[in-house]
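On a predicted model such as this, the values are computed, not experimentally measured, just so you know.
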Amino acid sequence: MNTCKAAMRILKARKLYVIIYLVLIGTMMLSISWQIMRGSSATGSSTYEPKAARIAVIDRDNNAEHVAESLRSYLALDGEMVDIDDDSVSLQQAVASNYVDLIAIVPEGFAEHYLQYADGGTDAQPTIDTVVSYASGAGSLAQLEVNEFLSLTRTSYLGLPQSQRELGTAMTTVLDVANDDTKQSHIAVVSSSSEDESIVKPGASAFAGTIKTGLYPLLLVMPICTFLVVSTFNDSEIRRRLYSSPARTVSLEAQQMLTCGAFGLLVCVAYTAVTFLLMMLAGVSFDGLTIINVGLAFVSLLTYTFMAIACGFLLGSTGFNEMATNGFVNVFALLVMFTSGMSFPTDMMPDPMITIGKLLPGWWFCTSIDQVFGIGTAASTGVNIGLWASSIGLVALFGVTFICLGLTFGRIRRTRPTLASPATTQLAK
């Protein structure tokens, strides 16, 4: 019990590492996940609502043959009509400031020239000048509607009897047909009566993605904190005092690991609670989350945390100094993060990176999360508890290996003659 209290005092005295590696870096990773969740919830509407283009029609032909009026009516079916003064400054400012998506200008004499073209008197088709905003895709679509209106008008005009051919009549026919199509045509999103289990629900995807982000901060803070505890107890003066006490070495090391494990458990609980809080704040539903998949994901996170603690135990037992441990942990955590599949989709990762990732615990941690929710690497196979167990078993195997190596190196250090007290060495001589 005294060993546990001493370990807690060591962690409290070196709380700067916890603040930097866990709080600050953890906040950064959670912020990234927060932005992803907000983006997914904003685009998760079940109703398709196309953006209406803001269109201005400039008439320089005095509404001859009602061309400008008919064009406005046609474009108003899918767009929002706005008024702009017909001068160069107003037109340039409207486009530059994105006030409009499209400006359609009916030039002087357009109606007369268009009648000549429709009657076959000329092969040169008159055009309506258009200016599209540089940042508007809706304006480009509206520009196509202008050309469509002119094409339909000519077709309707040629379809009239020779004695009844009038441009105004043709445009009226086009508007009537367009109005009828607008009333009768509908785009609907239909929900299937039977749920498809292969579809990943937003809640499950958001939860799994956020839990994965804990991979990097946990692999920073837990090895460092464990190293600080183990290395402090392995200090030569403290070690000689401990060896002279009746307490067994195995018991002392077990209490040190128990303290670090309790700290890791607390961190896992807090990270999971913050994940649920972020989902609530982002408006992501918990649909797709069950006690089983959340519990298994928490077990994966806890096993990965204990693996990180075991890594810190190994570093503390080998006699590394604090600076070397910091450097190793930062490089190792970055390598694990970028090869785990958490930072990049696996289909975008080159084969050598995937091969390296499979030799590290981060890949199998992310794979275990995928197997629980049927996403990512498990998208084609779906939820598979057996594969989850094998993946998280490999993560646990990494931890056991680190513990065994730590015990081995620790025993080697204890049996070296240089670890004995100077006074004892002099008496032996």
Q: Could you go through the side-chain contact (heavy atoms from CB on, under 4.5 Å) check for Val100 and Ile55 one step at a time?
A: CA-CA 6 Å; Val100 294; Ile55 306 170; over 6 Å; no
Q. Relative to each other, are the rings of Phe110 and Tyr114 parallel, tilted or perpendicular (30° and 60° limits)?
A. parallel
Q) Would you call the rings of Phe286 and Phe276 parallel, tilted or perpendicular, where under 30° means parallel and over 60° means perpendicular? A) perpendicular
Between [X] and [Y], is any pair of side-chain heavy atoms under 4.5 Å apart?
X: Leu278; Y: Leu30; result: yes
X: Phe373; Y: Val383; result: no
X: Val229; Y: Thr259; result: no
X: Phe207; Y: Val294; result: yes
X: Ile385; Y: Gln371; result: no
X: Leu407; Y: Ile403; result: yes
X: Leu91; Y: Asp86; result: yes
X: Met337; Y: Leu334; result: yes

Distance-only, no hydrogens or angles: does the [X] side chain make a donor-acceptor pair with backbone N or O of [Y] under 3.5 Å?
X: Ser343; Y: Thr339; result: no
X: Tyr304; Y: Leu215; result: yes
X: Thr226; Y: Pro223; result: no
X: Thr355; Y: Asp351; result: yes
X: Ser368; Y: Phe365; result: yes
X: Asp370; Y: Ala378; result: no
X: Thr318; Y: Leu315; result: yes
X: Arg54; Y: Gly79; result: no
X: Asn63; Y: Glu69; result: yes
X: Ser70; Y: Val67; result: no

(Q) Set out, in order, the CA-CA distance, both residues' side-chain angles and the distance that settles side-chain contact (heavy atoms from CB on, under 4.5 Å) for Phe149 and Val174, then state yes or no. (A) CA-CA 8 Å; Phe149 173 74; Val174 171; 4.2 Å; yes
Tell me, yes or no, whether the heavy-atom count around [X] atom [atom1], taken from other residues, nucleotides or ligands under 6.0 Å, exceeds 12.
X: Met28; atom1: CE; answer: yes
X: Ile291; atom1: CD1; answer: no
X: Asp83; atom1: CG; answer: no

Considering all heavy atoms of both residues, which atom of [X] and which atom of [Y] are nearest to each other, and what is their separation?
X: Ser390; Y: Leu387; result: OG-O, 2.8 Å
X: Met222; Y: Ala308; result: CB-CB, 3.7 Å
X: Gly357; Y: Trp363; result: O-CB, 2.9 Å
X: Ala170; Y: Thr153; result: CB-O, 3.7 Å
X: Ser285; Y: Met279; result: O-CE, 3.9 Å
X: Met29; Y: Pro217; result: CG-CD, 4.0 Å

Q | Pair Arg60-Val106, side-chain contact (heavy atoms from CB on, under 4.5 Å): steps then yes or no | A | CA-CA 6 Å; Arg60 296 177 180 173; Val106 181; 5.9 Å; no
Could you measure the distance from the [atom1] atom of [X] to the [atom2] atom of [Y]? Nearest 0.5 Å is fine.
X: Ile103; Y: Ile84; atom1: CD1; atom2: CD1; result: 4.5 Å
X: Cys268; Y: Phe306; atom1: SG; atom2: CZ; result: 7.0 Å
X: Ser340; Y: Ile354; atom1: OG; atom2: CD1; result: 11.5 Å
X: Ile105; Y: Thr127; atom1: CD1; atom2: OG1; result: 11.0 Å
X: Leu296; Y: Thr290; atom1: CG; atom2: OG1; result: 8.0 Å
X: Leu218; Y: Tyr271; atom1: CG; atom2: OH; result: 7.0 Å

Q. Without hydrogens or angle criteria, can the side chains of Thr381 and Asn384 be said to hold a donor-acceptor pair below 3.5 Å?
A.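 Not at all, the side chains of Thr381 and Asn384 share no donor-acceptor pair under 3.5 Å.
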(Q) Thr173 vs Asp176, test: side-chain hydrogen bond (donor to acceptor under 3.5 Å, both in side chains). Steps then yes/no. (A) CA-CA 5 Å; Thr173 303; Asp176 291 340; 5.6 Å; no
Q | Thr367/Trp388 under side-chain hydrogen bond (donor to acceptor under 3.5 Å, both in side chains): CA gap, chis, key distance, verdict | A | CA-CA 7 Å; Thr367 300; Trp388 168 83; over 6 Å; no
(Q) I'd like to know if Arg72 and Asp59 make a salt bridge, using a cut-off of under 4.0 Å between side-chain N and carboxylate O. (A)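 Judged by the 4.0 Å cut-off on N to carboxylate O distance, Arg72 and Asp59 do not form a salt bridge.
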Q: Verify side-chain contact (heavy atoms from CB on, under 4.5 Å) between Leu220 and Asn330, making sure each step is shown before the conclusion.
A: CA-CA 7 Å; Leu220 285 175; Asn330 277 275; 3.7 Å; yes
